[in-house]
**Student:** 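Structure below; questions to follow.
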Amino acid sequence: MVLQGNFVRRLLMAVDIEKYSRRTAATHYDAQVRLLRIVQCACRYARIRQVEPQESGDGLMLVFPPGLNEARVVPALIRGFRHGLSENNRDPGEFGPIRARMAIVEGATARSPNGFAGPASILVNDLVGVPVLKRKLADARPDSDLAVIVPHALYADLVSQNYPGLTREHFSRVALTLREEPVVAWVCLPPAGPAPDPYGPEIRWDGVATVLTVSGLATVAAELAHRYRAALTAGGRAVVADGHHTRRGDHDGSDRLDPDHPSHPDDVDEPRHDVVHHDDLHQDDLHQDDHPHP
């Protein structure tokens, strides 16, 4: 057997929107756009400038570059996503307030013709959809808008060490069965509400929410807008069809979310010009009349 792909240890994150399928199809585009903005806020906190995303309609899987300082990145992703949820839900849009589930794993991962290969990409998607995580998020209303799950290996490496931003007492152990195998995981329910970045200046939500600059996310956003407009052209107030679409960042990773305010010693980049602006992802797209624009 010949090994296919270059398997490298990477951090992966999957996020899903709660009760997405129960909402009307006309609100799904709004939710997808807002999820991208929330994920960008999380990347901003973690000083991540490039991701490789795999979209799934109600959710998103992100594969991060190798060699990250996971003790810093993991708590920053959780804190940034929590802050993005809080800011987003102040003006929730047509979909309404977003509540979400998040799974974070680490493992050997390789690109494949239709996404990513390796047990980590399977595990992260299995974990984000487990029933116990859905129940815990539902039971946490209104105290929490986010339920986070990590496998035992990541808990042992990071959470149990009480690195800044990770407190092991905030995680509870759960026993799961995944693909007929017993699995131990750990769940955290961060409190709802703003979570300012302790290592950088105040995040301006209007900036995060109107310009997508993280390489990979911008590509997904552009494709999302293209699919929505194509649906409008084909049938008036049609809605973007859900499905699995892989979009990879093809840039050098020099994304910058706020060129005027570097906010971390290792966050030194060049400005980008291939960003997706709010004109491509504006909520007014949801209020088009029945006559498509030329």
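Index from 1, following the sequence.
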**Student:** Can we say Asp139 and Arg135 salt-bridge, meaning some charged N sits less than 4.0 Å from an Asp/Glu carboxylate O?
**Tutor:** no
**Student:** With sequence neighbours left out, write down each residue that passes ring-ring contact (aromatic ring centres under 6.0 Å, His included) with Phe171, or none if nothing qualifies.
**Tutor:** none
**Student:** Would a distance-only check, ignoring hydrogens and angles, find a side-chain to backbone donor-acceptor pair under 3.5 Å from Arg99 to Leu137?
**Tutor:** yes
**Student:** Given the rule that I, L, V, M, F, W and Y join up when any side-chain heavy atoms are under 4.5 Å apart, are Tyr29 and Ile38 in one cluster?
**Tutor:** yes
**Student:** Tell me, please, which residues at least two apart from Ala71 pass side chain to side chain contact (heavy atoms under 4.5 Å, CB included).
**Tutor:** Asn69, Leu158, Tyr163
**Student:** Does the side chain of Ser121 come within less than 4.5 Å of Val63's, by heavy atoms?
**Tutor:** no
**Student:** Measure the spacing between SG of Cys41 and CG of Asn88 and express it to the nearest 0.5 Å.
**Tutor:** 10.0 Å
**Student:** Scan for ring-ring contact (aromatic ring centres under 6.0 Å, His included) pairs involving residues 55-94, sequence neighbours excluded, and state none if there are none.
**Tutor:** Tyr45-His83
**Student:** Looking at Glu18 and Arg141, is there a salt bridge between them, counting it only when a charged N and a carboxylate O are closer than 4.0 Å?
**Tutor:** yes
**Student:** When you group the ILVMFWY residues by side-chain heavy-atom contacts below 4.5 Å and let the links chain together, are Leu146 and Tyr155 in the same group?
**Tutor:** yes
**Student:** With heavy-atom distances below 4.5 Å as the criterion, would you say the side chains of Tyr199 and Arg47 are in contact?
**Tutor:** yes
**Student:** Below 4.5 Å, heavy atoms only, C-beta onward: do Leu166 and Gln161 meet side chain to side chain?
**Tutor:** no
**Student:** Evaluate the ring planes of Phe95 and His28, with Trp represented by its six-membered ring, and classify them as parallel (under 30°), tilted (30 to 60°) or perpendicular (over 60°).
**Tutor:** tilted
**Student:** Grouping I, L, V, M, F, W and Y whenever their side-chain heavy atoms are under 4.5 Å apart, do Val150 and Leu77 come out in a common cluster?
**Tutor:** yes
**Student:** So does Gly107 get a backbone contact from the side chain of Thr109, meaning a donor-acceptor N/O pair under 3.5 Å?
**Tutor:** yes
**Student:** Say whether Leu11 and Val8 are linked into one hydrophobic cluster, either directly or through other cluster members, by side-chain heavy-atom distances under 4.5 angstrom.
**Tutor:** no
**Student:** Just by distance, do the side chain of Arg34 and the backbone of Pro92 share a donor-acceptor pair under 3.5 Å?
**Tutor:** yes
**Student:** Keeping the roles fixed (side chain from Arg79, backbone from Pro196), state whether a donor-acceptor pair exists under 3.5 Å.
**Tutor:** yes
**Student:** Let's go through Val74 and Met13 carefully: what are the C-alpha distance in whole Å and the side-chain angles of both, what is the deciding distance for side chain to side chain contact (heavy atoms under 4.5 Å, CB included) to 0.1 Å, and is it a yes or a no?
**Tutor:** CA-CA 9 Å; Val74 169; Met13 180 177 80; over 6 Å; no
**Student:** Please round to the nearest 0.5 Å and tell me the distance separating atom OG of Ser86 and atom CZ of Arg82.
**Tutor:** 8.0 Å
**Student:** Examine distances only and state if a side-chain atom of Gln40 and a backbone atom of Val214 form a donor-acceptor pair shorter than 3.5 Å.
**Tutor:** yes
**Student:** How long is the straight-line distance from CZ of Arg101 back to CG of Leu127, given to the nearest 0.5 Å?
**Tutor:** 11.5 Å
**Student:** Do side-chain atoms of Asp197 reach the backbone of Gly80 as a donor and acceptor pair under 3.5 angstrom?
**Tutor:** no
**Student:** Taking all atoms of both residues into account, what is the closest heavy-atom pair of Val124 and Met61, and its distance?
**Tutor:** CG1-SD, 3.7 Å
**Student:** Of all the heavy-atom pairs spanning Asp145 and Leu85, show the shortest one and how long it is.
**Tutor:** O-CD1, 3.6 Å
**Student:** Output the distance between atom CG (Asp16) and atom CG (Leu133), rounded to the nearest 0.5 Å.
**Tutor:** 9.5 Å
**Student:** Between Glu94 and Thr27, what is the shortest heavy-atom contact and its length?
**Tutor:** O-CG2, 3.6 Å
**Student:** Out of the candidates Leu189, Ile78, Val187, only one should pair with Val148 under the side chain to side chain contact (heavy atoms under 4.5 Å, CB included) rule; please name it.
**Tutor:** Ile78
**Student:** Quick one: do Ile122 and Leu12 end up in the same hydrophobic cluster if we chain Ile, Leu, Val, Met, Phe, Trp and Tyr together by side-chain heavy atoms under 4.5 Å apart?
**Tutor:** no
**Student:** Any idea which heavy atoms bring Arg23 and Lys19 closest together, and the distance?
**Tutor:** CG-O, 3.5 Å
**Student:** Minimum heavy-atom separation for Val128 and Asn125, please, with both atom names.
**Tutor:** CG1-O, 3.4 Å
**Student:** Any chance you could lay out the side chain to side chain contact (heavy atoms under 4.5 Å, CB included) test for Leu35 and Val39, step after step, and finish with the verdict?
**Tutor:** CA-CA 6 Å; Leu35 179 63; Val39 169; 4.2 Å; yes
**Student:** With rounding to the nearest 0.5 angstrom, report the OG to CD1 distance, Ser172 to Ile149.
**Tutor:** 9.0 Å
**Student:** I need the minimum non-hydrogen distance between Gly216 and Pro53, along with the two atoms involved.
**Tutor:** O-CG, 3.6 Å
**Student:** Distance from Glu55 atom CD to Gln32 atom CD, nearest 0.5 Å?
**Tutor:** 5.5 Å
